[in-house]
Protein chains: 2
Amino acid sequence: MTEDERKSWLTVQDEVRRLIRQRDWKPGELIPHEADLAREFGCARATVNRALRGLADAGLLERRRKAGTRVALNPVRRAEFSIPIIREEIEGKGQRFGYRIFLREMRVPPPDVQARLQLNVAQPILYLKTLYTADSRPYVFEERWINSIAVPDVLDADFEVLSPNEWLVREVAFDGGDFTFSGVAATAEEAAILTCRVGEGLLVLERTTRHGGLMITYVRLLFHPGYQIHTRC
Amino acid sequence: MTEDERKSWLTVQDEVRRLIRQRDWKPGELIPHEADLAREFGCARATVNRALRGLADAGLLERRRKAGTRVALNPVRRAEFSIPIIREEIEGKGQRFGYRIFLREMRVPPPDVQARLQLNVAQPILYLKTLYTADSRPYVFEERWINSIAVPDVLDADFEVLSPNEWLVREVAFDGGDFTFSGVAATAEEAAILTCRVGEGLLVLERTTRHGGLMITYVRLLFHPGYQIHTRC
DNA sequence: CAGTGGTCTAGACCACCGG
DNA sequence: CGGTGGTCTAGACCACTGC
């Protein structure tokens, strides 16, 4: 019988997953109450709750008070990816990390960048162009605007010791951010820097980072040809 | 005093977030035990546990038995994005969804697709080329291989009624998948289908979907120029 | 080995919201 | 209104792992 089974929220979760996968519980269908499941599994309701809450977070179930718990119709598949810290990403592949700063100056950002950084005055801020390399080969080209009004210390930073990326990670406790992926064809300047063909298809990641209520930095990462972001769910 | 505060795991979480943001608890630093925090917040240890577990899941804390809980050094920033169901994505923008199947045939997949689908014999499977449109304008071009050995029913499916995408979502309970983002330049065929310039930079999403132990489908989505995937963390 | 987080329990109350 | 999930509690035992 089922008396001797190991009970835990993971066991419950696996069992529920199995019932859904095998279509014993079909999409859209109501499943038993927590109380019933607790009896059935021989565990406390809190344990069932833990299991089902996890599945709801994952998008496999939809729960509402009084209405009960249903198998999600369109399993809201969510994939996660970790924000790459470039040096770690490169060294993690056993390659040698390097970078070269092409440009560092104060510049008035274009309107779209001003908007992203929520600057309401056209004022010069720190602008950087950096190429990161793996085993001396171009890896990713970074164009970065730093809200040096919010982070004045950045003007004294020595980016020869620590890359802009890492300096910011160390000095500013990021709070959140926005990410945008897109594809572009390499311009002449970009092709020259990344040593690829003009017009080659490249992956772009744009990121705006918050701290508290302030927008700290906007960065556009242009990856070398063939670069892929991989994730799993 | 702090007697009358509302107590809940969310309150605890907010407070811990605040302490981290304000650097009262610095990166790498050990924070008090659950028991101490429970006393401090005037709640049960389970409540503190719930709060801290959430923050650890989010990558803001690192917890180990006996070693205690530390503020993460490199807040493992993870971003989530939801897998778009194309029709919903388009209709969600108030546009009219449509699609046109260019090709539907049995074909022996190339080696890389065979590998992705874990087919160990060169055998013809279902191959589809579909263009999805928003307000009749090209939105995304889909190239799809379906493991029709694992899902024989698909051979009888009427994709005029339901798009391949939605047919699969309805008929097969997906279990998980792999995702890859990259950028490419449009080929002549692709440019013709998407009505864009040859060589234009496009975003590509490749997806392999599992069900149980079986690989169900491999799909390559080529988005129209300017398409962006957006997410926030 | 002993301290810490991880989990489970039985019971309770509450918030929400469908009928 | 009443049923359902959401949360909290006090206490307990366990699993891992640093010392």
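None of the values given here were measured: they were computed from a predicted structure. Within every chain, numbering begins at 1; the chains are lettered A, B, ... in the order of the sequence lines, protein sequences first and strands thereafter.
- Contact detail for A/Leu128 and A/Phe159: the closest heavy-atom pair is CD1-CE1, 3.7 Å.
- When only modelled atom types and interatomic distance are considered, A/Thr11 and A/Ser8 share a side-chain donor-acceptor pair under 3.5 Å.
- For the pair A/Leu37 CG and D/dT4 P, the computed distance is 12 Å after rounding to whole Å.
- Test B/Leu61, B/Leu19, B/Leu30 against B/Trp25 for side-chain contact (heavy atoms from CB on, under 4.5 Å) and you get one pass: B/Leu19.
- Looking at residues two or more places apart in sequence or on another chain, you find no salt bridge (charged side-chain N to carboxylate O under 4.0 Å, His left out) involving B/Glu89.
- Considering CZ of B/Phe181 and OG1 of A/Thr231, their distance stands at 8.0 Å, rounded to 0.5 Å.
- For the pair A/Leu10 CG and C/dC8 P, the computed distance is 7 Å after rounding to whole Å.
- Of the residues in residues 23-33 of chain B, those lying under 4.0 Å from DNA chain C by heavy-atom distance are B/His33.
- When rounded to the nearest whole Å, the span between CG of B/Leu61 and C1' of C/dG6 equals 15 Å.
- In this entry the distance linking CZ of A/Arg70 with P of D/dT4 reads 12 Å, nearest Å.
- For the residue pair A/Ala157 and A/Arg104, the shortest heavy atom distance occurs at O-NH2, 3.0 Å.
- When rounded to the nearest whole Å, the span between CH2 of B/Trp9 and C1' of D/dT9 equals 17 Å.
- For C/dT4, the OP1/OP2 oxygens have no side-chain nitrogen or oxygen of B/Thr69 closer than 4.0 Å.
- A/Thr217 and A/Arg144 are linked by a side-chain donor-acceptor pair at a separation below 3.5 angstrom, with hydrogens and angles left out of the test.
- The phosphate of D/dC8 has OP1 or OP2 within less than 4.0 Å of a side-chain N or O from B/Ser8.
- Applying the 4.0 Å criterion to OP1 and OP2 of C/dG6, one finds that B/Asn49 has a side-chain N or O inside that range.
- Distances shorter than 4.0 Å separate none of the side-chain N or O atoms of B/Thr47 from OP1 or OP2 on D/dT7.
- Rounded to whole Å, atom P of C/dC8 lies 14 Å from atom CZ of B/Arg50.
- Classification of A/Arg116 and A/Asp178 as a salt-bridged pair fails, no side-chain N sitting under 4.0 Å from a carboxylate O.
- Between A/Tyr227 and A/Phe223, the two ring planes are parallel [angle under 30°; tilted spans 30° to 60°].
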Polar atom pairs (N or O), protein with nucleotides 10-12 of chain D, under 3.5 Å:
| unit_1 | atom_1 | unit_2 | atom_2 | d |
| --- | --- | --- | --- | --- |
| D/dA12 | N6 | B/Arg45 | NH2 | 3.0 |

Please list, pair by pair, any protein nitrogen or oxygen found under 3.5 Å from a nitrogen or oxygen in nucleotides 15-19 of chain C.
| unit_1 | atom_1 | unit_2 | atom_2 | d |
| --- | --- | --- | --- | --- |
| C/dA15 | N3 | A/Arg65 | NE | 3.3 |

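- Nearest approach of B/Pro164 to B/Thr130, heavy atoms of both residues: CG-OG1, 4.0 Å.
- For residues 59-69 of chain B, the pairs satisfying side chain to side chain donor-acceptor pair (under 3.5 Å) are B/Glu34-B/Arg63, B/Arg63-B/Thr69, with sequence neighbours left out.
- Each of A/Gly68 and A/Arg53 lies near DNA chain D, and the nucleotide nearest A/Gly68 is the one positioned closer to the 5' end.
- One atom, CG of B/Leu52, and another, C1' of C/dG5, lie 10 Å apart when rounded to the nearest Å.
- In terms of the side-chain hydrogen bond (donor to acceptor under 3.5 Å, both in side chains) criterion, residue partners of B/Glu91 (sequence neighbours excluded) are, by chain and number, B/Arg87.
- Contact between the side-chain N/O atoms of B/Arg63 and the OP1/OP2 oxygens of C/dT4 is not found at any separation under 4.0 Å.
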